[in-house]
Structure formats: C-alpha cells, structure tokens
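Structure record follows, encoded as structure tokens.
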Amino acid sequence: MYKQIFFDFDSTLVHAETLDLLADLAGVGPEVRRLTEASMNGELPIEAVFEKKLAMISPSLAMIDRLHKIHPPFVEGVEELVATLHRLGKEVFILTSNFGMIVAPYAEELGIRSECVIANELFHDDEGNYLGMNASNALAHTGGKRIMIDRYIQDKQKAVMIGDSVTDLACQPSVRTFIGFAGVVAREAVRAQADVFVEEASALALLPHLLTKQERESL
Ligand SMILES: [Mg+2]
C-alpha cells in the first residue's frame with residue numbers, strides 16, 4: 001500500500017521538542033516554549049516566530065553538541081518501527097522544520113539515509129557561533145512541509161505522513177493518509193482533521209495503519 005513514509009521529528013520520533021531543550025540550555029526556555037506551543041497549535045504562523053526563536057536561542061555548535069550528549073530519547077518503539085519498515089522495503093523520510101545538523105545523529109541511529117532527511121539549515125562561523133538560519137527555506141514558513149513533501153512524493157496513493165502538529169497536517173492533501181500521532185502530545189486541531197489518530201504511547205501502534213495484512217503476516 002505505502003511505499004514512502006514521512007515522519008515528523010520532534011514529538012513524533014523523539015520524546016521532546018529539541019529546540020525547546022536548546023532554549024533551556026540557552027536560558028530562554030519559558031519564552032521560547034510559549035512561542036513553540038502557539039505555532040504548533042496554529043495560533044501563530046511559523047514565520048512570525050521561527051527566526052525570532054532561533055535568534056533568542058542563538059544555537060552554537062557547542063550547544064548542539066551538548067543537546068546530542070543529553071540525547072532526548074526516541075519515542076517508545078520507534079527504532080523497531082523504522083527497522084520493520086526498512087525491512088519491508090519502505091522508503092522512510094524525516095520531514096521537519098528542525099535543522100539537519102540537529103536531526104542527523106538520530107537519523108543515523110535509525111538507519112535513515114541523509115537524502116531522506118528533509119530539514120532546514122543553520123549557519124555558524126568558524127568558531128561555531130550561531131550566524132543564522134535559512135529563512136528562505138520553505139520549512140521556515142507556514143505550509144512549507146507541504147511544499148517540501150511534494151518534491152519527494154512519487155505517487156500520492158503510496159505516501160503517508162505522520163506527525164503531531166498542524167504544520168504536519170498541512171501535508172494532508174499531498175498524501176493518501178495523514179496520521180496524527182499523539183503518543184507524546186495530543187493536539188485537538190490535529191485530532192479533528194487527521195485521517196487516522198493514534199493515541200498510544202508506543203510508535204508501534206502505528207504499524208497496523210502502515211502495513212497491509214499481507215505485509216503484517218510476512219513479518
Ligand atoms: Mg512535531
């Protein structure tokens with residue numbers, strides 16, 4: 001049924017909003033969390049807050065390194081889920097407004113190739129100080145995930161997107177099925193519109209929605 005499976009990253013694959021954790025490291029956690037929640041619930045457009053949040057955090061390479069050492073955990077079952085999908089020959093993507101260098105170690109652990117990580121970019125100077133983000137990347141804007149997913153989808157009928165927030169829901173018209181995953185956080189705006197809404201804490205609860213009966217029996 002599905003050939004291309006797109007996952008959001010924060011609060012879908014990992015049990016955290018990693019930019020909020022970076023904000024904690026930078027000492028601006030509460031202010032940044034307020035902006036994150038407002039944009040995830042659809043109260044504020046991403047472009048109104050994203051660059052501002054990053055400027056507040058000013059994530060140096062050293063801070064990103066500390067975040068990777070803290071290593072917020074995968075959502076329960078994610079490693080097994082992705083390994084199973086790979087074993088069945090599915091193309092697994094990460095589609096996130098987060099940044100390639102933040103997501104990369106997780107993708108590697110899951111065996112997801114860098115070509116299958118669709119993310120934004122951060123810029124640093126030679127000393128590793130934060131210079132800025134790529135504000136012209138579609139992922140920095142409302143509806144950006146849909147623009148990016150459209151560049152990768154080969155056949156809408158064989159594509160599925162899984163995510164927790166309204167920015168993920170924007171991909172719904174591009175895919176056969178949009179699955180709202182509420183294993184970390186349940187958002188009512190997503191529940192209201194998702195084709196499927198999964199509330200179990202384990203990502204393995206997604207499997208019955210991703211595989212045919214025949215694929216499940218072949219495992
Ligand atoms: Mg998310």
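Residue indices begin at 1 and follow the sequence shown. Indexing begins at 1, ligand by ligand and atom by atom, following the structure's order. Model, not experiment: these values are computed from the prediction.
For the Mg ion (ligand 1), the set of nearby N, O or S atoms under 2.8 Å includes one belonging to Asp164. Within the 2.8 Å limit, Asp10 places at least one N, O or S atom next to the Mg ion (ligand 1).
Closest N/O/S atom of Asp8 to the Mg ion (ligand 1): OD2.
Using a 30° and 60° split on the angle between ring planes, Phe99 and Phe50 fall in the parallel class, below 30°.
A salt bridge links Lys90 with Glu215: the closest approach of a Lys/Arg side-chain nitrogen to an acidic carboxylate oxygen falls below 4.0 angstrom. Between Arg176 and Asp195, no side-chain nitrogen of the basic residue sits less than 4.0 Å from a carboxylate oxygen of the acidic one, so the salt-bridge criterion is not met. Remark: Arg33 does not engage Glu17 in a salt bridge, criterion side-chain N to carboxylate O under 4.0 Å.
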